[in-house]
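One structure below.
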There are 2 protein chains.
Amino acid sequence: MKSKKIDWDKAKQLCEGLTEEQDALTRELVSRIADKWSLWTMAVLAEAGAALRFSRVMEHVEGISQKSLTKTLRGLERDGLVTRKVFAEVPPRVEYEITDFGMELLDQVAPLWAWVAQSVNMFQHARTKFDRG
Amino acid sequence: MKSKKIDWDKAKQLCEGLTEEQDALTRELVSRIADKWSLWTMAVLAEAGAALRFSRVMEHVEGISQKSLTKTLRGLERDGLVTRKVFAEVPPRVEYEITDFGMELLDQVAPLWAWVAQSVNMFQHARTKFDRG
DNA sequence: CAGTATCCAGATCGATACTG
DNA sequence: CAGTATCGATCTGGATACTG
């Protein structure tokens, strides 16, 4: 248990300064990070580096349904992580783009994701051992 | 879009080197982090700094049901994040303790959590604006 | 094209009751 | 004490069909 406690204590301290509503929102936002599609969708928009139409996004996020993509994008828009721009044309055109804030979130998530990916062998080993015993 | 891309690219690169099974496991582990009870349970054990009985854990993780706590602890044990020790006594005693690996995970999550907690006002503002417009 | 509306199957979780 | 078993409410997400 000789792990550096600094970061964790800082997080704990920050959480204690939050109202109940803010605490609930924090949990909700962390949940979004683990959401099946949200991170992937943001990554697609980040890699594009430009605004993408609904159908382009759907092509890149393999396996997502129209319904889920709509819901995902609305959620991201609501939190200011992507922008949604509707063009008054026929046929309709809607473009999505990641915000600076969204990019910032990706940057925050990256180290954790990288650690998990690096640790995946250890988890695999732990599970094999557990499932045998 | 002048965000540093280093971390994200590193994460992306790592993910591409994973097998399909490992990729699925990575997603599963990230999901655990956002799980309603897992992080909280680990935090309780981390703060205790010692082994805790099932009922003690349940007292500290407010609002959790017996069923959910059992499931949560089993999952954490399976991934090597906590240990479970059964004592052959009457009445039965079972003690749970966080592992070094579990502490490491908490440390990895802490910066992200802190960032979200710090950004919570920005999210709140974004939502209010969105919900009005 | 970019959705919305509807239906439906599976997972999840709390409450409750029971057991070694 | 530390679970397991079961039931029911809720939520999620895909498939499909329809629309401005």
Side-chain angles (χ1 to χ4, degrees), chain A residues 24-25 27-42 44-45 48 50-79 82-98 130 133, chain B residues 24-25 27-41 44-45 48 50-79 82-98 130-131 133:
Chain A
L25 185 54
R27 290 172 191 285
E28 202 180 325
L29 291 167
V30 173
S31 294
R32 180 183 300 295
I33 290 161
D35 178 72
K36 191 176 176 185
W37 302 117
S38 291
L39 261 191
W40 194 352
T41 303
M42 290 176 70
V44 162
L45 292 173
L52 289 183
R53 302 185 64 153
F54 185 88
S55 44
R56 295 309 121 231
V57 179
M58 190 150 169
E59 281 170 12
H60 285 88
V61 185
E62 258 173 277
I64 197 170
S65 67
Q66 211 172 24
K67 178 182 167 183
S68 294
L69 183 55
T70 299
K71 192 186 160 199
T72 300
L73 285 168
R74 285 285 194 282
L76 294 175
E77 186 199 2
R78 183 168 185 237
D79 288 339
V82 309
T83 57
R84 179 175 182 266
K85 202 169 179 181
V86 183
F87 296 84
E89 301 174 4
V90 178
R93 179 162 56 110
V94 181
E95 288 187 350
Y96 296 90
E97 191 169 8
I98 195 162
F130 181 84
Chain B
L25 185 54
R27 291 172 190 285
E28 203 180 323
L29 291 167
V30 172
S31 294
R32 181 184 299 296
I33 290 161
D35 178 73
K36 191 176 178 185
W37 302 118
S38 291
L39 260 191
W40 193 352
T41 302
V44 162
L45 291 174
L52 290 184
R53 302 183 65 151
F54 185 87
S55 43
R56 296 307 122 234
V57 178
M58 190 150 166
E59 282 170 11
H60 285 89
V61 184
E62 259 172 278
I64 198 170
S65 67
Q66 210 172 24
K67 178 182 167 185
S68 294
L69 182 56
T70 299
K71 193 187 159 201
T72 300
L73 286 168
R74 284 284 194 283
L76 295 175
E77 184 198 4
R78 183 168 184 236
D79 288 338
V82 309
T83 57
R84 178 175 183 268
K85 204 169 178 179
V86 182
F87 296 85
E89 302 174 3
V90 178
R93 179 160 56 110
V94 181
E95 288 186 349
Y96 296 91
E97 191 170 8
I98 195 162
F130 181 84
D131 292 345

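So that the names make sense, note that chain A is the first sequence line, chain B the second, and so on, each numbered from 1.
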Over all strands shown, is [X] touching base, sugar-phosphate only, or nothing at heavy-atom distances under 4.0 angstrom?
| X | value |
| --- | --- |
| B/Glu89 | nothing |
| A/Arg84 | sugar-phosphate |
| A/Arg56 | nothing |
| B/Tyr96 | sugar-phosphate |
| B/Lys71 | sugar-phosphate |

Does [N] have OP1 or OP2 under 4.0 Å away from a side-chain N or O of [X]?
| X | N | result |
| --- | --- | --- |
| A/Arg53 | C/dA2 | yes |
| A/Ser55 | C/dA2 | yes |
| A/Arg93 | D/dG20 | no |
| B/Trp37 | C/dT12 | no |
| B/Ser68 | C/dT12 | no |

Nearest-Å distance, [atom1] ([X]) to [atom2] ([N])?
| X | N | atom1 | atom2 | result |
| --- | --- | --- | --- | --- |
| B/Arg74 | D/dG3 | CZ | C1' | 8 Å |
| A/Ile64 | D/dA15 | CD1 | C1' | 14 Å |
| A/Lys36 | C/dA11 | NZ | C1' | 12 Å |
| B/Leu69 | D/dC1 | CG | P | 14 Å |
| A/Leu52 | C/dA2 | CG | C1' | 15 Å |
| A/Met58 | D/dG13 | CE | C1' | 13 Å |

Which nucleotide sits closest to the side chain of [X]: [options]?
| X | options | value |
| --- | --- | --- |
| B/Gln66 | D/dA2, C/dA15, D/dG14 | D/dA2 |
| A/Thr70 | D/dT4, C/dG3, C/dT6 | C/dG3 |
| B/Pro91 | D/dG14, D/dC1, D/dG3 | D/dC1 |

Side-chain contact, heavy-atom cut-off 4.5 Å: B/Lys36 with A/Arg27?
-> no

Closest nucleotide of DNA chain D for B/Val94 versus for A/Asp35: which of these residues is on the 5' side?
-> B/Val94

For B/Glu95 and for A/Lys67, locate the closest nucleotide of DNA chain D by heavy-atom distance; then report the residue assigned to the nucleotide nearer the 5' terminus.
-> B/Glu95

Dump the intermediate steps for side-chain contact (heavy atoms from CB on, under 4.5 Å) on B/Asp131 and A/Arg78, then the final yes or no.
-> CA-CA 8 Å; B/Asp131 292 345; A/Arg78 183 168 185 237; 3.0 Å; yes

Does the pair B/Leu39 and B/Asp35 meet the rule for a side-chain contact (heavy atoms from CB on, under 4.5 Å), with working shown?
-> CA-CA 7 Å; B/Leu39 260 191; B/Asp35 178 73; over 6 Å; no

Please report the C-alpha distance between A/Glu95 and A/Arg56 in whole Å, then the side-chain angles of each, then the deciding distance to 0.1 Å, and finally whether the side-chain contact (heavy atoms from CB on, under 4.5 Å) criterion is met.
-> CA-CA 9 Å; A/Glu95 288 187 350; A/Arg56 295 309 121 231; over 6 Å; no

Check the pair A/Phe54 / A/Thr70 against side-chain contact (heavy atoms from CB on, under 4.5 Å), numbers first and verdict last.
-> CA-CA 9 Å; A/Phe54 185 88; A/Thr70 299; 3.6 Å; yes

For residues B/Trp37 and B/Glu62, report the shortest heavy-atom separation together with the two atoms involved.
-> CZ3-O, 3.6 Å

Residue whose nearest DNA chain C nucleotide is more 5′ - B/Gly63 or A/Leu73 | A/Leu73

Name the pairing partner of C/dT19, where a pair is Watson-Crick or G-U wobble with both distances under 3.5 Å, or state none.
-> D/dA2

